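These notes concern the structure reproduced below.
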Amino acid sequence: MQKGPMSFSSLGLTELILRAVDESGYTEPTPIQVETIPVVLSGKDVLAAAQTGTGKTAAFVIALFTRLQKNKPSSKKGPRALVLAPTRELVVQICADAQALGAHCPFKVQPIFGGVDYEKQRSALQSGVDIIVATPGRLIDYAKQNVFSLGHVESLVIDEADRMFDMGFLPDVHKIISRTPRERQTLLFSATMAPTIR
């Protein structure tokens with residue numbers, strides 16, 4: 001039996017991530033972080049039932065940054081990780097967490113969603129990014145125009161999958177997935193686990 005609370009330093013994170021975690025005010029990992037971070041770092045896929053407020057965003061952000069730091073990037077251009085979320089509010093929240101937890105990492109995180117300057121987002125994508133956090137609609141738009149390639153994505157995260165399906169994003173999600181490598185890692189988070197999500 002394990003005694004006492006777990007610490008972030010026991011989860012296999014890099015020094016740069018641990019420093020940012022500490023500076024962000026996290027003291028000990030939540031159950032979802034303890035369960036998922038080591039699995040993500042081992043390269044396996046994750047299917048997790050997680051409500052908002054359980055620390056799931058920090059779980060996948062910490063794991064993604066650590067994984068990208070530990071793996072040598074390919075020489076090819078294009079994002080190494082893609083996070084899909086159902087709403088612009090969630091995209092903004094994930095990016096805020098990524099900014100804090102990736103404060104000491106050299107990775108460029110780019111939010112993509114509708115309702116903001118189309119050309120500005122387009123040129124940001126063309127200039128090269130490491131991680132895209134996006135709503136499916138706007139992303140598929142850029143992908144169809146070959147603004148960037150998803151051919152080198154190492155990790156794909158689908159957040160709030162149940163809401164994504166309720167909002168009718170399933171066809172777009174399928175189109176986006178078809179543009180990523182087959183041997184990528186997939187992390188799926190959902191409050192409920194309906195058969196369609198599985």
Side-chain angles (χ1 to χ4, degrees), residues 1-76 78-85 90-91 93-111 129-134 150-161 176-177 180-191 193 197-198:
M1 280 289 286
Q2 193 187 313
K3 294 183 173 65
M6 285 279 282
S7 70
F8 279 103
S9 55
S10 65
L11 295 178
L13 310 181
T14 63
E15 280 306 313
L16 295 178
I17 300 291
L18 283 171
R19 201 191 324 164
V21 165
D22 190 47
E23 287 166 3
S24 300
Y26 292 93
T27 49
E28 59 189 59
T30 64
I32 188 105
Q33 291 162 358
V34 171
E35 293 285 326
T36 57
I37 291 173
V39 180
V40 176
L41 296 185
S42 75
K44 293 191 177 90
D45 291 346
V46 170
L47 175 64
Q51 305 287 345
T52 303
T54 53
K56 70 172 161 66
T57 305
F60 68 72
V61 167
I62 288 168
L64 278 185
F65 278 138
T66 305
R67 215 170 121 75
L68 293 184
Q69 267 191 305
K70 289 182 173 183
N71 292 357
K72 268 182 83 70
S74 75
S75 54
K76 310 282 195 309
R80 295 176 64 195
L82 171 62
V83 181
L84 294 177
L90 192 54
V91 167
Q93 183 209 316
I94 293 167
C95 286
D97 280 5
Q99 209 167 4
L101 294 165
H104 305 295
C105 298
F107 303 125
K108 194 171 168 196
V109 180
Q110 179 62 42
V129 299
D130 300 294
I131 300 169
I132 293 176
V133 184
L150 291 173
H152 308 291
V153 167
E154 298 164 34
S155 298
L156 167 70
V157 180
I158 301 173
D159 196 14
E160 300 206 353
I176 291 164
I177 290 172
T180 63
R182 289 187 81 86
E183 62 281 3
R184 63 166 196 277
Q185 178 182 45
T186 306
L187 317 176
L188 191 142
F189 294 88
S190 184
M193 282 295 164
I197 291 165
R198 289 185 185 280

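Start at 1 with the first residue, then count along the sequence. The structure presented is a predicted model; accordingly, all values stated were derived computationally and were not measured.
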Would you say the side chain of [Y] lies within less than 4.5 Å of the side chain of [X], judging by non-hydrogen atoms?
X: P29; Y: I37; result: no
X: V39; Y: T36; result: no
X: F189; Y: I158; result: no
X: L41; Y: T66; result: yes
X: I176; Y: L82; result: yes
X: D159; Y: F60; result: yes
X: M6; Y: L11; result: yes

**OP:** State whether a side-chain donor-acceptor pair under 3.5 Å links H104 with E23.
**Re:**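 Yes - a donor-acceptor pair under 3.5 Å links their side chains.
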
**OP:** Could you check I94, L101, V83 and say which one makes a side chain to side chain contact (heavy atoms under 4.5 Å, CB included) with T57?
**Re:** I94

Subject >> Sole residue of R67, R80, R184 in side chain to side chain contact (heavy atoms under 4.5 Å, CB included) with S155 >> reply: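 Single side chain to side chain contact (heavy atoms under 4.5 Å, CB included) partner of S155 among R67, R80, R184: R67.
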
Original post:
Counting only heavy atoms not in K44, do more than 12 fall under 6.0 Å of its NZ?
Top reply: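 Count not over threshold, so no.
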
**OP:** Considering non-hydrogen atoms only, spot the tightest contact between V91 and A134 and give its length.
**Re:** CG2-C, 3.7 Å

**OP:** Kindly compute the distance separating OH (Y26) from CD1 (I62), expressed to the nearest 0.5 Å.
**Re:**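 Reported value, rounded in 0.5 Å steps: 6.0 Å.
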
**OP:** Supply the atom-to-atom distance E154 CD to I131 CD1, rounded to the nearest 0.5 angstrom.
**Re:** 10.0 Å

